[in-house]
Amino acid sequence: MEKPCSLLVHFDKGSAAMANEIKADLEGGDGPAKADAMRRAISLLLNGETLPQLFITIVRYVLPSEDHTVQKLLLLYLEIIDRRDPAGRALPEMILICQNLRNNLQSPNEYIRGVTLRFLCRLSEPEVLEPLVPSVLANLEHRHHFIRRHAVSAVSAIYRLPHGDQLIPDAPELVERLLASEQDASARRNAFLMLCACAQERAVAYLLSNADRVAEWPDLLQMAVLDLIRKVCRSQNRANKGRYITIITSLLSAPSTAVVYECAGALVSLSSAPTAVRAAANTYCQLLSSQSDNNVKLILLDRLNELRTTHRDVMVGVVMDVLRALASPNLDVKRKVLDLVLDLLTPRNVEEVVLYLKKEVVKTQAGDLEKGGEYRQMLVQAIHACAVEYPEVAGSVVHLLMDFLGDTNVAAAVDVVLFVREIIETNPKLRVSMIQRLIDTFYQIRASRVCSCALWILGEYSLSQSEVESAIATIKQCLGDLPFYTVSDEGEANDSAKPAQPVVNSVTVSSRRPVVLADGTYATQSAATEIISTPSVAPGSLASTLNLRSLILSGDFFLAAVVACTLTKLVLRLEEVQPSKVESNKACTGALLIMTSILQLGQSSYLPHPIDNDSYDRIVLCVRLLCNTGDDVRKIWLQSCRQSFAKMLAEKQFRETEEMKAKSQISHAQPDDLIDFYHLKSRRGMSQLELEDEVHDDLKAATGGFTKDADDANKLNRILQLTGFSDPVYAEAFVTVHHYDIVLDVTVINRTKETLQNLCLELATMGDLKLVDRPQNYTLAPETSKQIRANIKVSSTETGVIFGNIVYETSNVMERSVVVLNDIHIDIMDYISPATCADVTFRNMWAEFEWENKVAVNTVIQDEKEFLNHIIKSTNMKCLTPPSALDGECGFLAANLYAKSVFGEDALVNISIEKQLDGKLSGYIRIRSKTQGIALSLGDKITLKQKGGS
């Protein structure tokens, strides 16, 4: 059972014996024993025990104690206990406490006075507070600032009570007088906050009369000033807007970083003029470079990103300042910086940005950076994005990045080769230099996937005779000597490229006949002859250049098939550009020898696993093609592949353009919206910033910039009925989900002719939801309504349930009445939003995530694409599979969906469905995530929605 108290400590349930021990220690113990007994009593009370028998004992034996610790624990005890009877009146026993509190307020010890004044801030019983008011007011003039500080807080708390203005009617005047003469920072802040809450016009007058000295005030008071300015401007009172902006601008140079940060936020909320936004952005950038805490950097980057969404033109000017944050060693900070910078690229700054990123790539070669490979991968992806959007900058970085094709970080090397593949297609002017560079650095590549992509590039974009011949020579050099292995007479297989001691075998036979060895090859034995045979040892090249050979000998026959296809394309192109048939035939013969050697290796026992059927068929096709080539086949191999790749890039660019258009939808103003023409206004006394603000506001009004994003119709969809229309109390809730917070605005209507007393909304949660505070009791007159707000914290994406009831009392019925509420299901769809990621990233996450939920397809929908669209709409996810891949009618469909939660979790979905002969769809929907909650919740959602229901 939770109690309203400033102290919350877990304690095991007590017993009657423990209560008796506490009572005995309070009656006969010394100071430390009484303090220990009070701690145990407070812990029991906080955890649901009542201990009514202790109150009189505490009044008799604890109240007179002069021990400071005991006195403080006594105040905590008084804060916890129930001080009201069921009728809502203060208990008579509390009168016994008043004299003790008055003595404490007049104590010569400053600490006792201070903690007592702080305790009075938490009292709400006028009967107890009324006799203490004179002593509280007397402490406003105490010589010690500690007392004055808490006296102001006590006056503020008493004045804000429902009838507090009757207890201290002149509280604002007294506090304003104190504020004018006070020197202590905390006391001045408390006084100013009291005026802000209880007499805002006095606080505004005090601020404007001291506007020139605000920069000299302590930081605590400056923060309170900023809160007041926000509150005043939020109430649409813009009469002194120029003076407020002047105050905020003067605080931008304050020594406190917290004040500077709040100033930047207040300036943006107060003014949308470019000068104000530029000042706020520069402030955020200065804090970004001066603060060392990574969490602070991430928050500042979030603020800058918010500015980008509304003021992109202004933010473009601070791109280089944002880039300096890449000096942070934290990868999350670096990632956010790069994401922000990529959204601020323009033709003017792209060269500077790429040059800076190029320098950062060079720094990663030093090797002293932590997670340098991962950082280099992020830089490569950023440069790739820059080059795709602005192709003219590709030439300055592509050759540098090609040095990283042999990077030990495979992911970074893959990003580099994909970047090279795209740039060589979109920038024909760079083709010759890139092909030559790729040929020179090909031997450094160590990853199979990078080799495959590099070979495809060589096969497609080596167009001249010298390029084709160089590419063929490079591939042969990386494959080494043929065959890939040799067999001794004892049947031992060895890599022919490895230098080894020759193995001598002596065999004497009586006849000459062919013999089939274990790997399927033939050997000849001679009769009556001693044969001394040694395996052929090729003068091997350097091991560092035999990258293709080592990968193929490790069993990578997919790469071997890519080698065969590349050689086929190169030979076919050589036949077109080489006038000499002799050279073409020689190249063709060499390629055929390599392919047959690969097939021989794949079918031998040298490797533990034989060649797979797909790779075998592919290589055999290449052999047949080189032996007999037709014009149609030649066209397919030399032109169609590149045309398909160009079409894929064009579609990708079109899709990205459409997404950008969807993000930047222009909102239009309503016909009857008011527009102020600032040209017709008097400009007397207006600063340049105010003039800019007027212009900007007019433009926003004309273009619909002030229109709200949320439509009223959508809000109506968020209203949930909690009770029935025939219940004596009708309740409905408007649910607002904002990241980690859920706000329930519950409207309660008394539909009876009686007054409902002690009406309370009791809520409980199930799942990863936690009720922040419990709503208080209310009294409802007949046929009146009340708005009750409840705040709930969310910690994960698991589907949660909120349930509860409304409890109330009437004068006619002695027992409490209960109305049970409908359950409120918090949907996972409120936490996830569509997102995009690269195919490589999706595959990496799919392999990495361990939680999978497999849902069988069970639907009445009979069209594959209709079912896919239904799942996309139901799960609020983004389809990563391009539309071109979903075209056509084949009876099969496979697509990848992706979404991201507000907690940073990734949700991956793969849909694989097939249309049966009877027209029904079958297949599976697989969900993968890093955490169990999102996989299970999303699976339940799909199971519920996949049949085609709403």
Peer 1: Applying salt bridge (Lys or Arg N to Asp or Glu O under 4.0 Å) to Arg437 and Asp440, what does each step give before you reach the verdict?
Peer 2: CA-CA 5 Å; Arg437 185 71 172 171; Asp440 294 340; 5.7 Å; no
Peer 1: Please walk me through it: do Asn844 and Thr841 pass side chain to side chain donor-acceptor pair (under 3.5 Å)?
Peer 2: CA-CA 5 Å; Asn844 291 338; Thr841 308; 5.6 Å; no
Peer 1: Any chance NZ of Lys930 has more than 12 other-residue heavy atoms, nucleotides or ligands included, within less than 6.0 Å?
Peer 2: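 Atom NZ in Lys930 is not crowded, with 12 or fewer foreign heavy atoms closer than 6.0 Å.
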Peer 1: If you measure from CD on Gln436 to CE on Met402, what distance do you get to the nearest 0.5 Å?
Peer 2: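 Going from the CD atom of Gln436 to the CE atom of Met402 covers 10.0 Å.
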Peer 1: For Val398 and Phe419, run side chain to side chain contact (heavy atoms under 4.5 Å, CB included): C-alpha distance rounded to whole Å, both residues' side-chain angles, the deciding distance at 0.1 Å, then the answer.
Peer 2: CA-CA 8 Å; Val398 67; Phe419 171 67; 4.0 Å; yes
Peer 1: Cut-off 3.5 Å, no hydrogens considered: what does the side-chain donor-acceptor table look like for residues 585-599, sequence neighbours left out?
Peer 2:
| unit_1 | atom_1 | unit_2 | atom_2 | d |
| --- | --- | --- | --- | --- |
| Asn585 | ND2 | Lys581 | O | 3.2 |
| Thr589 | OG1 | Asn585 | O | 2.8 |
| Thr596 | OG1 | Leu592 | O | 2.9 |
| Thr596 | OG1 | Leu593 | O | 2.9 |
| Ser597 | OG | Leu593 | O | 2.8 |

Peer 1: Is any NZ, NE, NH1 or NH2 atom of the basic residue among Asp339 and Lys336 found under 4.0 Å from an Asp or Glu carboxylate oxygen of the other?
Peer 2: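 Salt bridge absent between Asp339 and Lys336.
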Peer 1: Using modelled atom types and a 3.5 Å cut-off, is there a donor and acceptor pairing between side-chain atoms of Arg928 and backbone atoms of Glu852?
Peer 2: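 No, the answer is negative, given that no donor and acceptor are paired below the 3.5 Å cut-off.
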Peer 1: Is the closest side-chain heavy-atom distance between Ile552 and Leu601 below 4.5 Å?
Peer 2: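 A side-chain contact under 4.5 Å exists here.
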Peer 1: In residues 553-571, what donor-acceptor pairs under 3.5 Å come from side-chain atoms, sequence neighbours left out?
Peer 2:
| unit_1 | atom_1 | unit_2 | atom_2 | d |
| --- | --- | --- | --- | --- |
| Ser554 | OG | Leu551 | O | 2.4 |
| Asp556 | OD1 | Phe558 | N | 3.4 |
| Asp556 | OD1 | Leu559 | N | 3.2 |
| Asp556 | OD2 | Ser448 | OG | 2.2 |
| Thr566 | OG1 | Leu455 | O | 3.3 |
| Thr566 | OG1 | Val562 | O | 2.8 |
| Thr568 | OG1 | Ala564 | O | 2.7 |
| Lys569 | NZ | Glu460 | OE2 | 2.6 |

Peer 1: Would you say the side chain of Met845 lies within less than 4.5 Å of the side chain of Tyr898, judging by non-hydrogen atoms?
Peer 2: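 With C-beta onward as the side chain, the pair touches.
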Peer 1: Check the pair Leu338 / Leu357 against side chain to side chain contact (heavy atoms under 4.5 Å, CB included), numbers first and verdict last.
Peer 2: CA-CA 9 Å; Leu338 292 174; Leu357 297 179; 3.7 Å; yes
Peer 1: Would you say that Leu331 contacts Glu374 through its side chain, given a criterion of any heavy-atom pair below 4.5 Å between the two side chains?
Peer 2: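 Of all side-chain heavy-atom pairs linking Glu374 with Leu331, at least one is under 4.5 Å.
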Peer 1: What is the distance from atom CD of Gln643 to atom NZ of Lys635, rounded to the nearest 0.5 Å?
Peer 2: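 Result: 7.5 Å between the selected atoms.
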Peer 1: If the condition is salt bridge (charged side-chain N to carboxylate O under 4.0 Å, His left out), which residues does Arg618 pass it with, not counting sequence neighbours?
Peer 2: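 Arg618: no salt bridge (charged side-chain N to carboxylate O under 4.0 Å, His left out) contacts found.
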Peer 1: Compare all side-chain heavy atoms of Phe892 with those of Ile913 and state whether any distance is below 4.5 angstrom.
Peer 2: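 Counting from C-beta outward, Phe892 and Ile913 never come under 4.5 Å.
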Peer 1: Looking at CG of Asn853 and CD of Gln932, how far apart are the two atoms once the value is rounded to the nearest 0.5 Å?
Peer 2: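 So the gap between those two atoms works out to 9.5 Å.
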Peer 1: Could you walk me through whether Glu392 and Lys429 pass the salt bridge (Lys or Arg N to Asp or Glu O under 4.0 Å) check?
Peer 2: CA-CA 10 Å; Glu392 62 272 10; Lys429 295 180 180 179; over 6 Å; no
Peer 1: Between Lys900 and Glu905 (salt bridge meaning N to carboxylate O under 4.0 Å), is one present in this structure?
Peer 2: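 Not counted as a salt bridge, because no side-chain N and carboxylate O are separated by less than 4.0 Å.
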Peer 1: Does the Lys NZ or Arg CZ of Lys854 fall within the cation-pi geometry relative to Tyr924 - under 6.0 Å from the ring centre and within 45° of the axis?
Peer 2: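 So Lys854 does make the cation-pi contact.
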Peer 1: If you round to the nearest 0.5 Å, how far is NE2 of His384 from SG of Cys386?
Peer 2: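 Reported value, rounded in 0.5 Å steps: 10.5 Å.
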Peer 1: Apply the test side chain to side chain donor-acceptor pair (under 3.5 Å) to residues Asn910 and Ser912: give CA-CA distance (whole Å), side-chain angles for both, the deciding distance (0.1 Å), then the verdict.
Peer 2: CA-CA 7 Å; Asn910 172 262; Ser912 299; 3.0 Å; yes
Peer 1: To check you understand the geometry: which heavy-atom pair defines the closest contact between Leu438 and Ala454, and what is its length?
Peer 2: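 Result for this residue pair: CD2-O, 3.8 Å.
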Peer 1: Answer yes or no on whether Lys334 is positioned over the face of Tyr375, meaning its NZ or CZ is under 6.0 Å from the six-membered ring centre and within 45° of the axis.
Peer 2: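 Relative to the ring axis of Tyr375, which defines the angle, Lys334 lies inside both limits.
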Peer 1: How long is the span from the CD atom in Glu864 to the CD atom in Glu889, to the nearest 0.5 Å?
Peer 2: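 Result: 6.0 Å between the selected atoms.
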Peer 1: Without swapping roles, check the side chain of Arg573 against the backbone of Gly459 for a donor-acceptor pair under 3.5 Å.
Peer 2: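 It does hold such a pair.
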Peer 1: Determine whether more than 12 heavy atoms belonging to other residues, nucleotides or ligands lie under 6.0 Å from atom NZ of Lys865.
Peer 2: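 Yes.
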Peer 1: Hey, could you give me the CD/CD1 distance between Glu422 and Ile457, rounded to the nearest 0.5 Å?
Peer 2: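 Here the interatomic distance stands at 11.0 Å.
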Peer 1: Given the rule in the side chain to side chain donor-acceptor pair (under 3.5 Å) test, do Glu467 and Tyr461 qualify, once you have shown the distances and angles that lead to the verdict?
Peer 2: CA-CA 9 Å; Glu467 291 171 351; Tyr461 297 96; over 6 Å; no
Peer 1: Looking at Arg376 and Glu360, is there a salt bridge between them, counting it only when a charged N and a carboxylate O are closer than 4.0 Å?
Peer 2: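 Looking at Glu360 and Arg376, the cut-off is not met.
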Peer 1: Does this structure show an ion pair linking Glu848 with Arg843, if we count only N-O contacts that are shorter than 4.0 Å?
Peer 2: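 No, this pair does not count.
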